[in-house]
Colleague: 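So that we are looking at the same thing, I have put the structure below in structure tokens.
Remember, it's 1-based here, ligands and their atoms both numbered in the order they're listed. Because only heavy atoms are used, hydrogens play no part in the values below, and waters and symmetry mates are left out as well, while side chains stay in.
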Amino acid sequence: MRILKFGGTSVGSAERMQALTSLIQSDAPRIVVLSAMSGTTNALVQITESLYQHNHQDANAQIDALQSKYKQVVAQLYTSAEKKTQANELLDQHFDYIRAFTQDLFTEHEERAILAQGELLSTALFQFYLEEQGINSVLLPALNFMKIDENEEPDTAYIARNLAAELAKHPQTTLFITQGYICRNAFGEIDNLKRGGSDYSASLIGAAADADEIQIWTDIDGMHNNDPRIVKNTYPIAELSFDEAAELAYFGAKILHPSSVLPAKQKNIPVRLLNTMEPSAKGTTISAESEGGKIKAVAAKDGITAIKIKSGRMLLAYGFLRSVFEVFERYKTPIDMITTSEVAISLTIDNDKFLDQIVAELKAFGQVEVDQNQTIICVVGDFIEERSGSSLEIFEALKAIPLRMISYGGSKNNISVLINTTHKVEALQQLNEGIFERNRTHA
Ligand code: ASP
Ligand code: MG
């Protein structure tokens with residue numbers, strides 16, 4: 001089994017949907033996972049916001065506007081009058097369903113039901129298109145097998161069992177279409193895997209079906225070695241290990257949902273990042289076989305807050321770090337980087353929703369300093385067989401930039417530094433110069 005996931009822009013217009021048929025056809029069995037058409041989930045979020053505010057006038061206008069966009073897609077996608085009618089009836093069903101929420105109480109439950117409509121629409125429209133083209137395929141409802149538990153973690157045993165049962169209903173079929181992003185929760189209600197979650201769906205489906213490959217099709221040619229918006233001459237990284245890819249996905253590379261690496265890693269299924277605009281390009285392959293001992297990429301994550309706690313009590317004390325971490329735990333705030341000295345600890349968070357409360361509690365331990373507008377610069381690669389030069393190369397490149405924190409040795413795949421965001425552009429450019437431009441070994 002092979003999994004092919006197409007993101008919002010890859011199904012973003014009638015033309016783009018039509019172009020997919022040549023990418024998905026094969027005699028080998030495959031499951032095609034689709035996102036909502038680009039812009040749809042954002043539009044649905046806006047509709048839910050209007051509904052929360054009881055602003056039914058805006059909600060209705062937004063629903064009408066979205067439906068007319070879809071009507072245009074239908075007009076362009078199909079050639080037969082019959083399919084056009086069928087598709088327009090489908091639009092009416094989905095949009096009338098959304099409109100019904102303007103009459104009623106609006107809670108999180110209804111919000112999730114509305115957010116699910118984007119993927120339900122894209123997959124149904126695409127299935128109609130395949131039918132019109134005479135391509136044999138089956139639409140698999142993700143709500144029949146994709147599930148999260150009470151901790152919002154995927155219920156992998158349930159997913160594997162129910163996906164197998166769905167597939168077994170169609171022994172003659174080799175092409176399946178299903179929705180990314182949407183799922184049921186522990187209560188059986190419609191829920192989702194959070195924004196960008198279609199990649200995660202693809203990876204969970206791949207793991208559940210013991211796929212031989214998971215392909216993530218987007219509109220760029222893979223993960224780049226540096227931020228192409230800031231640095232010239234970036235290039236797609238041909239190979240990454242699962243761990244390197246997870247670090248990069250978390251620290252900046254928007255192309256892949258960070259959670260989607262783990263299910264593939266656990267089942268050792270290669271993940272390929274491919275470009276629908278340039279299908280023959282090599283893209284990025286994430287696997288256990290990636291070449292070691294190299295610096296692969298540099299990424300930056302903005303919006304970081306650094307917190308330093310200085311305390312005489314830390315000296316020779318045990319249990320101090322635990323007490324500090326418990327404060328963050330109480331406010332469900334993840335910590336990204338930490339460094340310690342004998343009398344102080346510095347750490348970073350990217351969610352500052354409870355910053356004031358956290359700082360107030362930390363003051364019980366000592367002096368607290370907070371720096372906002374910080375950026376984590378993360379250098380990703382395989383540092384275990386370190387040619388003694390790796391860190392030298394990195395710090396030599398960064399010599400003109402004030403470093404607020406350095407984290408080395410936490411994982412063998414990541415060396416991170418924290419800087420003020422005002423120095424980000426310079427840091428990325430200097431690292432590019434110092435690491436990739438000097439020894440262009442990739443060519
Ligand atoms: N449609 C959802 C979103 O825009 C899920 C996805 O595309 O991955 O976040
Ligand atoms: Mg995405």
Side-chain angles (χ1 to χ4, degrees), residues 3-13 16-17 20 23-24 31-49 62-63 65-67 69-70 73 91 94-95 97-98 108 110-127 139-143 145-148 152 154 159 177-185 190-207 214-220 222-223 245-246 249-250 252-264 271-277 286:
I3 316 299
L4 294 85
K5 179 260 169 177
F6 294 93
T9 41
S10 304
V11 291
S13 65
R16 300 256 36 101
M17 281 205 205
L20 290 194
L23 299 176
I24 63 174
I31 301 175
V32 173
V33 180
L34 300 185
S35 286
M37 296 181 75
S38 52
T40 299
T41 309
N42 285 342
L44 293 170
V45 168
Q46 280 176 1
I47 292 168
T48 63
E49 281 165 0
Q62 287 157 341
I63 297 166
L66 190 60
Q67 182 163 10
K69 264 173 74 179
Y70 273 84
V73 173
L91 295 188
H94 283 269
F95 284 95
Y97 175 77
I98 301 174
E108 252 176 59
E110 284 78 25
E111 175 187 350
R112 297 195 208 107
I114 288 185
L115 293 182
Q117 300 306 308
E119 273 71 11
L120 292 170
L121 279 167
S122 62
T123 49
L125 293 175
F126 188 59
Q127 171 67 21
L139 184 58
L140 289 183
L143 297 177
F145 61 83
M146 191 52 76
K147 192 166 183 205
I148 50 175
E152 304 202 333
I159 298 167
I177 313 297
T178 193
Q179 300 86 18
Y181 178 61
I182 66 174
C183 63
R184 292 202 184 269
N185 60 26
I190 296 180
D191 210 321
N192 60 63
L193 300 176
K194 306 266 156 51
R195 295 305 305 271
S198 291
D199 297 343
Y200 197 18
S201 300
S203 171
L204 291 167
I205 292 170
I214 299 164
Q215 300 182 347
I216 307 284
W217 289 82
T218 65
D219 54 358
I220 20 178
M223 277 199 193
Y250 180 70
K254 290 265 176 336
I255 171 171
L256 184 67
H257 190 288
S259 307
S260 48
V261 177
L262 188 63
V271 179
R272 296 183 63 204
L273 308 180
L274 296 161
N275 184 356
T276 31
M277 311 291 171
I286 302 163

Colleague: In terms of atom number and element, which parts of ligand 1 are under 4.0 angstrom from non-hydrogen atoms of Ser35?
Modeller: 6 (C), 7 (O), 8 (O)

Colleague: Would you mind running through ligand 1 and noting each atom that sits below 4.0 Å from a heavy atom of Thr41?
Modeller: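 In order of numbering, the contacting atoms are 1 (N), 2 (C), 3 (C), 4 (O).
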
Colleague: Does a donor on one side chain and an acceptor on the other come within less than 3.5 Å for Asp199 and Ser260?
Modeller: no

Colleague: I'd like to check the salt bridge (Lys or Arg N to Asp or Glu O under 4.0 Å) partners of Arg16; sequence neighbours left out, ordered by chain and number.
Modeller: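 Salt bridge (Lys or Arg N to Asp or Glu O under 4.0 Å) list for Arg16, sorted by chain: empty.
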
Colleague: Polar contacts were defined as any N/O atom of the residue lying under 3.5 Å from an N/O atom of the ligand; does this apply to Tyr181 and ligand 1?
Modeller: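 There is no such contact.
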
Colleague: Could you tell me whether the side chains of Ser198 and Ser35 share a donor-acceptor contact shorter than 3.5 Å?
Modeller: yes

Colleague: Could an N or O of ligand 1 be found under 3.5 Å from any N or O of Asp199, whether backbone or side chain?
Modeller: no

Colleague: Does Gly197 have a heavy atom less than 4.0 Å from any atom of ligand 1?
Modeller: yes

Colleague: Below the 3.5 angstrom mark, is there an N/O of Lys194, backbone or side chain, next to an N/O of ligand 1?
Modeller: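 No.
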
Colleague: Of the side chain and backbone of His257, name the one, both, or neither that has a heavy atom under 4.0 Å from an atom of ligand 1.
Modeller: neither

Colleague: Among Gly8, Ser198, Gly39, Ala202, which one puts a heavy atom closest to atom 6 (C) of ligand 1?
Modeller: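 Ranked by closest heavy atom to atom 6 (C) of ligand 1, first place is Ser198.
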
Colleague: Considering the heavy atoms of Glu119, write down every atom of ligand 1 situated less than 4.0 Å from one of them.
Modeller: 1 (N), 2 (C), 5 (C)

Colleague: Touching ligand 1 at all, Gly196? Heavy atoms, strictly under 4.0 Å?
Modeller: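 True for this residue.
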
Colleague: I need the single residue from Tyr250, Tyr200, Tyr181 that forms a ring pair (Phe, Tyr, Trp, His ring centres under 6.0 Å) with His257. Which is it?
Modeller: Tyr200

Colleague: So is there a nitrogen or oxygen of Arg195 less than 3.5 Å from a nitrogen or oxygen in ligand 1?
Modeller: yes

Colleague: According to salt bridge (Lys or Arg N to Asp or Glu O under 4.0 Å), who are the partners of Glu152, at least two apart in sequence or on a separate chain?
Modeller: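 Only Lys194 meet the salt bridge (Lys or Arg N to Asp or Glu O under 4.0 Å) criterion with Glu152.
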
